[in-house]
Amino acid sequence: METKTALQELLHQALISAFNGVDGLPETKDIAIKPASKAEFGDFSNTSAMGLASTLRQPPIKIAQTVVAEVEKMGCPKWIKRMDVVSPGFINIWLAGDSAFGAVKAIIEQGENYGRKPAGTGRRTLVEFVSANPTGPLHVGHGRGAVVGDCICRILEANGCEVTREYYYNNAGVQMKNLGRSLHARYLQALGDDVEFPDDGYKGDYVRELAETLKEEAGESKRDAKLEFFTVYASDRIMQWIDEDLKAMGITFDVFFKESSLYESGEVEEALKQLAEREMSYKQDGALWLKSTQFGDEKDRVLIKSDGEKTYLTPDIAYHLDKARRGFERAINILGHDHHGYIVRLKAGIQALGFSADFLDCPTIQMVSVERDGKEVKLSTRGGEFITLKELLDEFGADVVRYFMAMRSYDSQFTFDLNLAQDTSEKNPLYKIQYAHARTCNLLVKAKEQGIEWQGADAVDFELLQLSEEKELGKALARYPEIVDRAAAELAPHCLPNYLLELANLFNSYFAVGNNDASARILRVDAPELTQARLALVVVLRQVLRNALGLLGISAPERM
RNA sequence: GCGCCUGUAGCUCAAUGGAUAGAGCGUUGGUCUACGGAACCAAAGGUUACAGGUUCGAGUCCUGUCAGGCGCGCCA
């Protein structure tokens with residue numbers, strides 16, 4: 001990081017000095033210093049010359065040459081070995097010394113904190129995710145949202161944010177009553193009564209199972225129980241299932257927030273009052289409307305229906321008022337993409353209360369479809385047939401499910417082919433990554449067996465590491481903090497699996513060199529100093545693999 | 001009809017406006033009695049859906065077209 005800043009300042013100085021007085025020169029912080037994409041391009045590259053071509057009315061290559069010449073005139077710092085100008089105007093920079101391993105010592109010192117920023121340096125953030133009403137077991141779509149949400153939390157925490165994980169649900173609305181009626185009907189059916197099942201009831205087998213359990217527990221005693229009994233009975237048990245599934249994936253929440261509490265606390269009324277005071281609501285046709293069109297919505301939305309019932313939107317606006325009141329500086333809602341149409345009106349509600357639209361970010365997670373035997377399995381809680389998250393967890397385990405759910409951008413829908421997942425599971429990229437980690441652990445065990453003691457980074461001479469595989473690996477390890485930065489800035493967990501796979505491949509290639517060339521082996525009893533240097537690389541790799549896997553909530557086994 | 005997302009190798013997907021578009025799986029050929037082979041090396045495979053535009057430079061940004069998914073309620 002420091003090198004980068006120094007380079008920015010150096011190039012900025014050169015630009016000012018060479019083109020003194022010209023308008024439109026970039027500021028120091030805007031000079032892009034990027035890690036070179038290939039070894040032949042040095043350590044860093046800069047593209048300022050291309051960007052300035054039109055401003056300076058000169059060919060970019062000439063500008064680049066001028067800048068480099070200016071640096072030399074000013075006296076090129078010792079820590080820069082070489083600066084090249086390459087068509088059409090890249091400035092490629094080589095650092096002196098063995099930059100490939102510049103980060104290694106720091107990584108060893110920082111250990112599990114490598115890639116993390118100090119707590120409290122980021123915004124206080126509330127992440128709301130899953131938020132499924134307890135009307136049925138979680139399906140794979142919920143699973144994707146759950147994994148992405150949890151990974152985003154872990155990534156933001158690594159970025160210095162104080163994060164609260166929250167699950168918002170409604171245990172008292174229409175859907176819950178519907179669930180209660182569904183259980184009641186199944187219960188009576190289980191008792192042998194000939195009753196009709198509600199048309200809009202929950203048709204899944206799990207309601208039948210609940211009815212059977214209830215029959216075993218209570219016999220016929222609940223035949224005339226109130227609807228509320230069935231609603232509470234069903235939702236309590238379903239919430240337990242949900243909790244178990246989430247725990248099985250390593251996901252825990254700090255707060256389970258009930259919609260009903262917003263009514264109890266008076267915040268719903270408070271929100272309505274504030275909207276009225278701000279003249280953001282109005283009455284028409286017997287209903288109360290939100291002026292959401294003022295904030296880009298295509299039509300105004302109803303807050304209170306003409307029958308006096310509030311719409312879903314009203315408590316949700318109150319909920320976000322509550323989030324702000326609790327002192328959060330940022331709210332993130334992980335939503336299923338089928339709810340994307342709702343975002344504009346919710347943001348409108350927040351803005352109508354006077355908050356910035358930036359307060360809330362709503363990444364929407366694209367649908368997951370599931371294929372079995374080449375046929376799509378429909379995912380519908382009410383339709384009855386679905387693949388549950390639990391089935392997936394039982395079949396593949398939490399690590400695999402988490403990896404797959406996080407490995408690609410949530411902007412893309414994806415098809416989870418159960419047969420394919422099973423067939424290829426042994427060649428799963430995750431196993432390659434975990435195997436690489438196990439290998440690093442084993443190398444250290446092996447070293448001890450051979451009487452080699454890892455003596456820490458201080459004793460290491462990195463000049464001894466001359467293999468191209470070693471340098472590539474060293475550079476890749478140094479890039480980790482940038483990967484975390486980007487994952488946090490873009491709320492994009494999928495950066496991490498890609499990076500992990502790259503590390504695993506680099507390490508496997510390095511390791512394999514030793515198969516054909518004994519001098520390239522990591523453990524060399526005949527060359528203790530070289531072995532120490534190589535072990536340093538292994539220790540650092542192990543650390544970075546652990547740190548990155550930790551951000552995904554995936555285990556780093558020492559043996560497989 | 002309007003809105004959101006997507007379209008990249010046979011398949012599943014990466015790629016911060018930068019240099020010759022990359023991985024995994026699959027296919028083909030090779031390495032190997034090993035510091036754990038759950039490995040490695042190599043090859044084949046691309047008009048980045050199509051057509052324009054913006055600029056030094058576009059898979060990436062803009063416009064249009066086509067295709068797939070989702071959403072468009074005084075439902076949640």
Side-chain angles (χ1 to χ4, degrees), chain A residues 32 34 36-38 40-41 45 47 49-54 59-61 86-90 92 133 135 170 173-176 178 259 284-289 298-299 301-313 316 336-344 364-367 369 404 407-417 420-421 423-424 426-429 431-432 434-436 438-439 442-447 449-450 452 482 485-486 489-490 494-495 497-499 501-502 504-505 507-516 518 520-524 531 534 538 559-560:
Chain A
K34 294 187 178 180
S37 53
K38 292 191 176 182
E40 61 182 287
F41 299 144
S45 66
T47 57
M50 273 101 82
L52 287 167
S54 57
I61 192 143
V86 181
S87 176
F90 290 99
N92 292 335
N133 282 340
T135 58
N170 176 348
V174 178
Q175 288 188 11
M176 302 312 296
N178 199 352
E259 185 194 22
Q284 187 179 306
D285 304 329
L288 186 72
W289 297 74
E298 52 191 17
K299 56 174 288 196
R301 304 291 172 177
V302 170
L303 293 165
I304 303 178
K305 298 186 273 178
S306 51
D307 65 2
E309 291 284 320
K310 293 170 187 73
T311 62
Y312 181 81
L313 178 62
D316 215 6
H337 190 261
D338 52 339
H339 289 88
H340 75 268
Y342 181 72
I343 296 169
V344 173
T364 61
I365 313 302
Q366 282 287 348
M367 304 289 109
S369 56
F404 269 92
M407 77 187 284
R408 25 194 177 254
S409 160
Y410 48 73
D411 282 337
S412 299
Q413 8 185 138
F414 83 96
T415 303
F416 205 119
D417 184 329
L420 192 69
D423 287 349
T424 61
E426 290 193 6
K427 299 194 171 178
N428 194 303
Y431 292 152
K432 181 178 269 195
Q434 289 182 320
Y435 176 63
R439 231 178 195 177
N442 192 58
L443 273 167
L444 292 166
V445 172
K446 204 84 184 177
E449 287 174 13
Q450 296 183 12
I452 301 167
E482 286 178 40
D485 267 357
R486 196 188 141 207
E490 298 179 20
H494 76 271
C495 298
N498 290 329
Y499 174 70
L501 192 56
E502 185 187 338
N505 281 325
F507 178 53
N508 284 337
S509 296
Y510 174 35
F511 187 87
V513 178
N515 284 341
N516 294 323
R521 293 195 177 199
I522 291 163
L523 301 180
R524 294 266 309 272
T531 300
R534 287 179 174 166
V538 169
R559 268 185 292 277
M560 298 185 69

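Below, chain A is the first sequence line, B the second, and so on; all start at residue 1.
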Once rounded to the nearest 0.5 Å, what's the spacing between atom [atom1] of [X] and atom [atom2] of [Y]?
| X | Y | atom1 | atom2 | result |
| --- | --- | --- | --- | --- |
| A:Met560 | A:Asn442 | CE | CG | 12.5 Å |
| A:Ile365 | A:Ser409 | CD1 | OG | 9.0 Å |
| A:Trp289 | A:Lys299 | CH2 | NZ | 5.5 Å |
| A:Leu443 | A:Gln450 | CG | CD | 9.5 Å |
| A:Ser306 | A:Gln284 | OG | CD | 12.0 Å |
| A:Lys432 | A:Arg439 | NZ | CZ | 10.5 Å |

(request) Let me know, please, whether A:Gln450 or A:Asn516 comes out on the 5' side of the other along RNA chain B by nearest nucleotide. (result) A:Asn516
(request) Determine whether any donor atom in the side chain of A:Asp338 lies under 3.5 Å from an acceptor atom in the base of B:G71, or the reverse, and answer yes or no. (result) no
(request) Only stems of 3 or more consecutive Watson-Crick or G-U pairs count here, both distances under 3.5 Å; name the ones for RNA chain B, or none. (result) B:1-7 with B:66-72, B:10-13 with B:22-25, B:27-31 with B:39-43, B:49-53 with B:61-65
(request) Search all heavy atoms of A:Leu313 against all heavy atoms of A:Val302 and return the closest pair with its distance. (result) CD2-O, 4.5 Å
Taking only the [atom1] atom of each, what is the distance from [N] to [M] in whole angstrom?
| N | M | atom1 | value |
| --- | --- | --- | --- |
| B:G18 | B:A58 | C1' | 10 Å |
| B:C32 | B:C41 | P | 15 Å |
| B:G17 | B:G7 | P | 15 Å |
| B:A9 | B:C62 | P | 22 Å |
| B:U65 | B:G3 | P | 10 Å |
| B:G10 | B:G45 | C1' | 8 Å |
| B:C4 | B:G59 | P | 24 Å |
| B:U16 | B:C2 | C1' | 33 Å |

In whole angstrom, what separates [X]'s [atom1] from [N]'s [atom2]?
| X | N | atom1 | atom2 | answer |
| --- | --- | --- | --- | --- |
| A:Arg408 | B:C13 | CZ | C1' | 6 Å |
| A:Leu444 | B:G36 | CG | C1' | 14 Å |
| A:Lys310 | B:G73 | NZ | C1' | 19 Å |
| A:Leu303 | B:G73 | CG | P | 16 Å |
| A:Glu309 | B:G73 | CD | C1' | 15 Å |
| A:Asn428 | B:C13 | CG | P | 15 Å |
| A:Tyr435 | B:G36 | OH | P | 8 Å |
| A:Asp316 | B:C74 | CG | C1' | 17 Å |

How is [X] classified with respect to the nucleic acid when contacts are heavy atoms under 4.0 Å: base, sugar-phosphate, or nothing?
| X | answer |
| --- | --- |
| A:His339 | base |
| A:Ala447 | nothing |
| A:Glu298 | sugar-phosphate |
| A:Arg524 | nothing |
| A:Gly173 | nothing |
| A:Leu443 | base |
| A:Asn498 | sugar-phosphate |
| A:Ala53 | nothing |

[Y] side chain reached by [X] side chain, heavy atoms, under 4.5 Å:
| X | Y | answer |
| --- | --- | --- |
| A:Leu303 | A:Lys310 | no |
| A:Met407 | A:Leu501 | no |
| A:Tyr342 | A:Arg301 | no |
| A:Ser369 | A:Gln413 | no |
| A:Thr47 | A:Phe90 | yes |

Quick check for you: among [options], whose closest atom lies nearest to any side-chain atom of [X]?
| X | options | result |
| --- | --- | --- |
| A:Asp285 | B:C74, B:G36, B:C5 | B:C74 |
| A:Trp289 | B:A76, B:A14, B:C74 | B:C74 |
| A:Lys446 | B:G36, B:A15, B:C74 | B:G36 |

Polar-atom pairs under 3.5 Å, protein N or O versus N or O of nucleotides 67-69 of chain B: list them with distances, or write none.
from	atom 1	to	atom 2	distance (Å)
B:G68	N2	A:Gln413	OE1	3.4
B:G69	O2'	A:Gln413	OE1	3.4

Pairwise N/O distances under 3.5 Å, protein to nucleotides 16-20 of chain B:
from	atom 1	to	atom 2	distance (Å)
B:U16	OP1	A:Arg486	NH1	3.3
B:U16	OP1	A:Arg486	NH2	2.4
B:G18	OP2	A:Lys34	NZ	3.4
B:A19	N6	A:Ser45	OG	3.2
B:A19	N6	A:Asn92	OD1	3.1
B:A19	N1	A:Asn92	OD1	3.2
B:A19	N1	A:Asn92	ND2	3.2

(request) Please identify each residue that fulfils side-chain contact (heavy atoms from CB on, under 4.5 Å) with A:Lys38, with sequence neighbours left out. (result) A:Glu40, A:Phe41
(message) Tell me every residue that passes side-chain contact (heavy atoms from CB on, under 4.5 Å) with A:His337, counting only those two or more places apart in sequence or in another chain.
(response) A:His340, A:Thr364, A:Gln366, A:Met367
(request) Output yes when a side-chain donor or acceptor of A:Asp307 lies under 3.5 Å from a complementary backbone atom of A:Glu309, and no otherwise. (result) yes
(message) If you compare every side-chain N and O of A:Arg439 against the phosphate oxygens of B:G37 (OP1, OP2), does one of them come in below 4.0 Å?
(response) yes
(message) Taking 4.0 Å as the cut-off, does a side-chain nitrogen or oxygen of A:Lys305 come that near to OP1 or OP2 on B:C75?
(response) yes
(message) Taking A:Arg486 first and then A:Glu490, would you say they form a salt bridge - that is, a charged N and a carboxylate O separated by under 4.0 Å?
(response) yes
(message) side-chain contact (heavy atoms from CB on, under 4.5 Å) for A:Glu482 and A:Tyr499? Distances and angles first, verdict last.
(response) CA-CA 11 Å; A:Glu482 286 178 40; A:Tyr499 174 70; over 6 Å; no
Using a cut-off of under 3.5 Å, enumerate the N/O to N/O pairs linking the protein to nucleotides 40-46 of chain B.
from	atom 1	to	atom 2	distance (Å)
B:C41	OP1	A:Ser509	OG	2.9

